[in-house]
Novice: 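Pasting a structure here, questions to come.
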Amino acid sequence: MKYSNLFAPTLREVPADAEVPSHILLLRAGFVRQLASGIYSYFPLAWKTLTKIINIIREEMEKIGAQEFLLPAIHPAEIWKESGRWEIMGDNMFRLKDRWERDMCLGMTHEEIFAHIASKELKSYKELPQIWYQIQTKFRDEPRPKSGLLRVRQFIMKDSYSFDIDWDGLSKNYEKHYEAYQRIFKRCGLKFLIVEAHSGSMGGSFSHEFMVESDAGEDLVAKCSNCKYCANLEKATSIIEEIVDSEPESDEPIKVHTPGKKSIAEIEEFLKVPARNQIKTLIYIVESEPIIILLRGDHQLNEAKLETVLKTGTFRPATEEEIREIMGANAGSLGPVGVKNIRIIADLALKGRKNMTTGANETDYHIQGVTPEKHFNAEYYDLRNVEEGDLCPKCKSPLKLVKTIEIGHIFKLGTKYSEAMGAYVLDKDGKKVPIVMGSYGIGVERIMTSAIELYHDKYGIIFPITIAPFEVAIVPVSNKDEKQMEISEELYNKLKNMGIDVLLDDRSERIGVKLNDIDLIGIPIKIVIGPKKIKEGKVEVVLRDGSERFDVEIEDAVEKVTFKIEELKKKIENS
RNA sequence: CGGGACAUAGCGCAGCCUGGUUAGCGCGCCUGCCUUGGGAGCAGGAAGUCGCAGGUUCAAAUCCUGCUGUCCCGACCA
C-alpha cells in the first residue's frame with residue numbers, strides 16, 4: 001500500500017470527547033470515527049488490524065477442530081422467549097418489530113440460536129462432540145457506552161459453542177478453549193490474566209475470564225501477590241484477619257440512644273466502636289419479598305455473590321419507605337435482633353463474632369453486646385467484596401486489586417439452553433439426554449483496544465507486529481528526490497513480493513509529518529531513505545518501540561528487515 | 001435511572017457573565033512560490049442556519065424555557 005492511496009485521516013489534536021489513551025489514539029490515528037454513542041465506524045487501518053486479529057482467532061479455532069458458521073444478527077422473539085432471556089435481557093436488548101408487527105431483536109449473543117440448530121440437527125451421541133463458532137457483530141444497548149471502543153453497543157465477537165454428550169466432554173472442550181484463548185491472546189501480543197469469574201445472566205456453573213490489566217478497565221480483579229490465585233471481584237474470596245472479641249458486659253444486648261447517628265462512621269465516632277465491631281444491616285427486596293443482609297460494618301456487599309446465593313438476579317435495595325414499613329424503624333437504626341418472619345442471610349465474617357453493635361430497629365437507637373447465633377439466627381454465606389490487603393484464600397499472601405479489561409470469557413453452561421431449546425440426542429442406551437453445552441466469547445475490538453492501552457507512548461500507538469496494520473513503513477525523506485524514490489520503490493516491491501505488509505509513504509509531506517504519522521499509527525518497523533545515508537550506500541532502520549535504530553547496506557536491507565520481522569514475531573510467541 | 005459538564009468552520013478553542021454593524025484565533029483545507037533527516041516559511045483564498053424549537057427584546061451566539069445529542073462519575077452490564 002502506498003500512503004497516497006491510503007485513507008488515514010490523522011489528527012494533530014486530542015479530540016475533546018476522548019479520555020482514555022486507546023480512544024484518543026484510535027481517533028488521532030484515523031482508525032475510527034463515532035457515529036452515535038457506543039457505535040463506531042471502522043476505517044481502513046482499524047479494519048486491517050481487526051482482520052489480523054480475526055485471522056489469528058480463526059487459525060487457533062480451527063486448530064481445536066471448531067467449525068465456522070455465520071448466523072443471523074436479527075432474531076425472532078420466540079426463540080428468546082423459549083430460553084426466558086427475552087425478559088431477562090431487559091433494556092440491554094435492541095428490539096424491533098417487522099412489518100407484520102412481529103417482535104424481533106438484534107442478537108446480543110447466540111446460545112439460543114446455536115442450541116436451536118442443535119435441537120433440529122443433532123440426533124445421536126455419535127455426532128458429538130461439536131464445536132461451532134462464528135465471528136460476527138453483536139448488539140447490546142448498553143446503559144452507558146464509554147471509553148471509545150471499550151464499551152460499545154455494536155461490536156464484533158468470536159463466539160463458540162461446544163456440544164457434548166456429558167460433562168467430561170464439556171470439560172475437555174472447555175480445556176481446549178482455555179488453551180486456544182491463551183494462544184490467541186499471546187499471539188496478539190497481549191499480557192493477560194486468567195481469572196475465576198461469575199457467570200451472571202449467561203447461567204452455568206463455572207467460568208473463566210481473560211483480562212488485560214489496565215487503568216482504562218472496568219472490572220476489578222483480586223490478584224495474589226504470591227501465588228497464581230486471580231479472581232474477578234464478583235467472585236473473589238479471601239481470608240480475613242481473625243478478630244478476638246471481648247466478652248459482652250451482659251447476656252442480653254444493651255440499648256443505647258444514638259440520636260441522629262445513622263452511618264457506620266457516625267456510630268464509630270459516637271459510641272467509639274470500630275466499624276469492624278458493628279453489624280451492617282441491609283434490606284433488599286427479592287422478587288417482592290424482603291430479605292435482611294448482614295455484613296461487618298466495614299465490609300461491602302457483593303451483588304454478584306448475592307445473586308449466586310439467592311439464585312435469582314431479581315433484587316434491589318428496599319426504599320426508605322419500604323424499610324420503615326418492614327422494620328418499623330428508619331434506615332440507620334436497623335438490626336437483626338428480634339426480627340421475625342424475614343429471611344436473614346449474613347456474611348461469613350460475622351460467624352463466631354460476639355459483643356457487636358447494630359441497630360435496634362427503633363429509630364435513633366442501637367444495641368450493643370450482640371452475639372450472632374445467640375441473639376439472632378442467620379444463614380451464612382460469602383457475601384462481601386474482597387478488599388485490597390485481604391489474604392489469598394490459597395496461600396494467605398496479601399491480595400492486590402487491579403483494574404482490568406475483559407477480552408474473553410468462557411462458560412460451562414451445562415444443559416440450561418439445551419433443555420430450554422429442546423436440544424436432546426440419544427445416548428448409547430437409546431435414552432434421550434440433553435446436550436451438555438459450553439459457550440466461549442472473545443471481544444475482537446477489545447483485543448485491539450487493549451493492545452493500544454498496553455503499548456503506547458506520547459507519539460502514538462506501538463502495535464505488536466502481529467496485529468499492526470502494517471509491519472513495515474518505508475519513508476523517503478523527500479518524494480521529489482529520484483534516487484530516494486527509486487530505492488524506496490525497489491525495497492517496497494521486494495518486501496511486498498515476499499508477502500510483507502508494507503506501507504510506502506510517498507506523500508509530498510516533510511519528513512517530520514511523515515514520521516509522526518507512521519509513529520502515531522504504530523507501525524513497528526520504519527525504513528528511512530535519506531540523502532545522507534544513501535551517500536554511504538545505506539538506509540536506516542528504526543523500531544517503533546525505541547529498542548533499536550541501525551543502518552544497513554541498501555542491498556542487505558530486505559534481508560535485515562525480514563529477519564527483524566521474524567525476530568519481533570518470535571519475541572511475541574515466546575513471551 | 002441518579003449526579004455533573006459540554007454543544008460556536010473538519011479539529012482544538014475564545015466570545016456569552018454585562019444583548020448592539022461584516023462572529024474571532026490556532027491547526028487543518030484550497031491556490032501559488034519555496035522547502036524536505038522529526039508536525040517549515042511567505043503570499044493569497046474558501047469554509048460557520050453559533051445543536052434544534054420556542055420565548056423575551058427595537059435587536060439574541062449572548063438572557064429565559066423546552067428538547068436533542070455527546071462526554072464524565074455512579075447505578076447497571078455476558
Side-chain angles (χ1 to χ4, degrees), chain A residues 9-20 23-24 27-28 30 33-39 83 85 88-93 107-112 138-148 150-153 155 157 159 161 197-204 207-210 216 218-219 232 234 301 303-304 307 313 315-317 406-411 413 416-417 439-443 446 458-460 475-481 484-485 505 507-520 526-535 538-540 542 549 551:
Chain A
T10 57
L11 304 174
R12 288 197 181 192
E13 290 187 87
V14 177
D17 284 344
E19 278 201 358
V20 299
H23 190 198
I24 291 171
L27 289 168
R28 283 198 56 214
R33 292 293 185 259
Q34 189 186 64
L35 183 63
S37 179
I39 302 177
S83 71
R85 291 208 291 184
I88 288 171
M89 291 309 194
D91 289 338
N92 262 31
M93 182 180 259
M108 313 173 66
T109 175
H110 282 70
E111 281 76 16
E112 278 79 358
K138 300 284 188 268
F139 301 88
R140 296 180 185 184
D141 197 357
E142 291 289 341
R144 186 151 100 82
K146 56 182 287 204
S147 307
L150 276 176
R151 180 159 292 276
V152 289
R153 299 196 290 170
F155 61 96
M157 181 188 252
D159 47 323
Y161 305 84
H198 173 76
S199 39
S201 79
M202 293 296 287
S207 86
H208 283 94
E209 286 169 327
F210 293 76
E218 301 178 271
D219 284 296
N232 194 307
E234 292 178 339
L301 174 66
E303 292 200 347
E307 183 180 333
F315 55 77
R316 58 173 175 83
E406 178 186 348
I407 50 175
H409 201 159
I410 57 179
F411 302 86
L413 294 176
K416 174 177 169 176
Y417 295 94
S439 102
Y440 316 88
I442 290 179
R446 281 189 179 175
K458 63 177 173 171
Y459 301 106
V475 190
V477 169
S478 167
N479 72 340
K480 299 285 183 327
D481 184 300
Q484 287 176 41
M485 288 315 287
D505 196 344
R507 294 176 297 169
S508 301
E509 293 288 349
R510 294 169 65 85
I511 180 70
V513 174
K514 289 186 278 199
L515 292 173
N516 275 310
D517 276 339
I518 299 298
D519 286 350
L520 181 58
K526 289 189 287 282
I527 310 175
V528 183
I529 318 286
K532 292 178 195 163
K533 297 287 155 65
I534 287 177
K535 272 184 204 152
K538 291 176 177 173
V539 293
E540 189 177 17
V542 187
R549 173 188 286 263
D551 299 341

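Convention: sequence-line order gives letters A, B, ...; per-chain numbering from 1.
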Novice: Over all strands shown, is A/Asp481 touching base, sugar-phosphate only, or nothing at heavy-atom distances under 4.0 angstrom?
Specialist: nothing
Novice: Which nucleotide in the set B/G37, B/G12, B/U70 lies at the smallest distance from any side-chain heavy atom of A/Ala16?
Specialist: B/G12
Novice: Which nucleotide sits closest to the side chain of A/Glu303: B/G38, B/C72, B/C76?
Specialist: B/C76
Novice: Would you indicate what A/Arg507 reaches in the nucleic acid, counting non-hydrogen atoms under 4.0 angstrom: base, sugar-phosphate, or nothing?
Specialist: nothing
Novice: Return the nucleotide paired to B/C13: Watson-Crick means purine N1 to pyrimidine N3 with N6-O4 or O6-N4, wobble means G-U with N1-O2 and O6-N3, both under 3.5 Å.
Specialist: B/G24
Novice: From the list B/C77, B/U70, B/C72, which nucleotide is the closest neighbour of the side chain of A/Arg151?
Specialist: B/C77
Novice: Select one nucleotide: of B/U35, B/U70, B/G37, the one nearest the side-chain heavy atoms of A/Gln34.
Specialist: B/U70
Novice: NA contact type, A/Thr10, heavy-atom cut-off 4.0 Å: base, sugar-phosphate, or nothing?
Specialist: nothing
Novice: Which base sits across from B/C6 as a Watson-Crick or G-U pair, both distances under 3.5 Å?
Specialist: B/G69
Novice: A/Met93 near the nucleic acid: base, sugar-phosphate alone, or nothing, with a heavy-atom cut-off under 4.0 Å?
Specialist: nothing
Novice: List the atom pairs, donor and acceptor, that lie under 3.5 Å between side-chain atoms in residues 511-519 of chain A and the rest of the protein, sequence neighbours left out.
Specialist:
{"from": "A/Lys514", "atom 1": "NZ", "to": "A/Pro476", "atom 2": "O", "distance (Å)": "2.8"}
{"from": "A/Lys514", "atom 1": "NZ", "to": "A/Val477", "atom 2": "O", "distance (Å)": "3.4"}
{"from": "A/Lys514", "atom 1": "NZ", "to": "A/Glu509", "atom 2": "O", "distance (Å)": "3.4"}
{"from": "A/Asn516", "atom 1": "ND2", "to": "A/Gly512", "atom 2": "O", "distance (Å)": "2.9"}
{"from": "A/Asp517", "atom 1": "OD1", "to": "A/Thr10", "atom 2": "OG1", "distance (Å)": "2.9"}
{"from": "A/Asp517", "atom 1": "OD2", "to": "A/Arg507", "atom 2": "NH1", "distance (Å)": "2.9"}
{"from": "A/Asp517", "atom 1": "OD2", "to": "A/Arg507", "atom 2": "NH2", "distance (Å)": "3.1"}
{"from": "A/Asp519", "atom 1": "OD1", "to": "A/Lys526", "atom 2": "NZ", "distance (Å)": "2.5"}

Novice: With a 3.5 Å limit on both atom pairs, tell me what B/U31 is paired to, counting Watson-Crick and G-U wobble, or say none.
Specialist: B/A43
Novice: Contact class for A/Tyr440 (heavy atom, under 4.0 Å): base, sugar-phosphate, or nothing?
Specialist: nothing
Novice: Using a 4.0 Å cut-off on protein heavy atoms (strictly under), produce a 5'-to-3' string for nucleotides 2-9 of chain B with B for base contact, S for backbone-only sugar-phosphate contact, and - for none.
Specialist: --------
Novice: Tell me, do A/Arg151 and A/Arg446 make a side-chain contact under 4.5 Å, heavy atoms counted?
Specialist: yes
Novice: Of the nucleotides B/G37, B/A40, B/A75, which has the atom closest to the A/Pro143 side chain?
Specialist: B/A75
Novice: State which residues pass side-chain contact (heavy atoms from CB on, under 4.5 Å) with A/Ile24; sequence neighbours excluded, sorted by chain then number.
Specialist: A/Val14, A/Ala18, A/Arg28
Novice: Side chain of A/Pro531: nearest nucleotide among B/G12, B/A40, B/G37?
Specialist: B/G37
Novice: Mind checking if A/Gly530 touches a base, just sugar-phosphate, or nothing, with heavy atoms under 4.0 Å?
Specialist: base
Novice: Mind calculating the distance between CZ (A/Arg12) and C1' (B/C29) to the nearest angstrom?
Specialist: 12 Å
Novice: Do A/His110 and A/Lys138 have a side chain donor and acceptor closer than 3.5 Å?
Specialist: yes
Novice: Kindly point out which of B/U36, B/C72, B/U70 is positioned nearest to the side chain of A/Val477?
Specialist: B/U36
Novice: Heavy atoms under 4.0 Å, any strand shown: does A/Lys146 hit a base, just sugar-phosphate, or nothing?
Specialist: sugar-phosphate
Novice: Name the nucleic acid region contacted by A/Arg549, choosing base, sugar-phosphate or nothing; use a 4.0 angstrom heavy-atom cut-off, strictly under.
Specialist: base
Novice: Is A/Asp91 touching bases, backbone alone, or none of the nucleic acid, heavy atoms closer than 4.0 Å?
Specialist: nothing
Novice: The side chain of A/Glu19 is closest to which nucleotide in this list: B/U36, B/C72, B/G12?
Specialist: B/C72
Novice: Between B/G38, B/U36, B/C77, spot the one nearest the side chain of A/Asn92, thanks.
Specialist: B/C77
Novice: Measuring to OP1 and OP2 of B/U36, would you say a side-chain N or O of A/Ser508 lies under 4.0 angstrom away?
Specialist: no
Novice: Check every atom of B/C77, B/G39, B/A40 against the side chain of A/Glu142 and return the nucleotide holding the closest atom.
Specialist: B/C77
Novice: Is A/Ile442 close to A/Met157 at the side-chain level, that is, under 4.5 Å between some pair of heavy atoms?
Specialist: no
Novice: Pick base, sugar-phosphate or nothing for A/Val528, based on heavy-atom distances below 4.0 Å to the nucleic acid.
Specialist: base
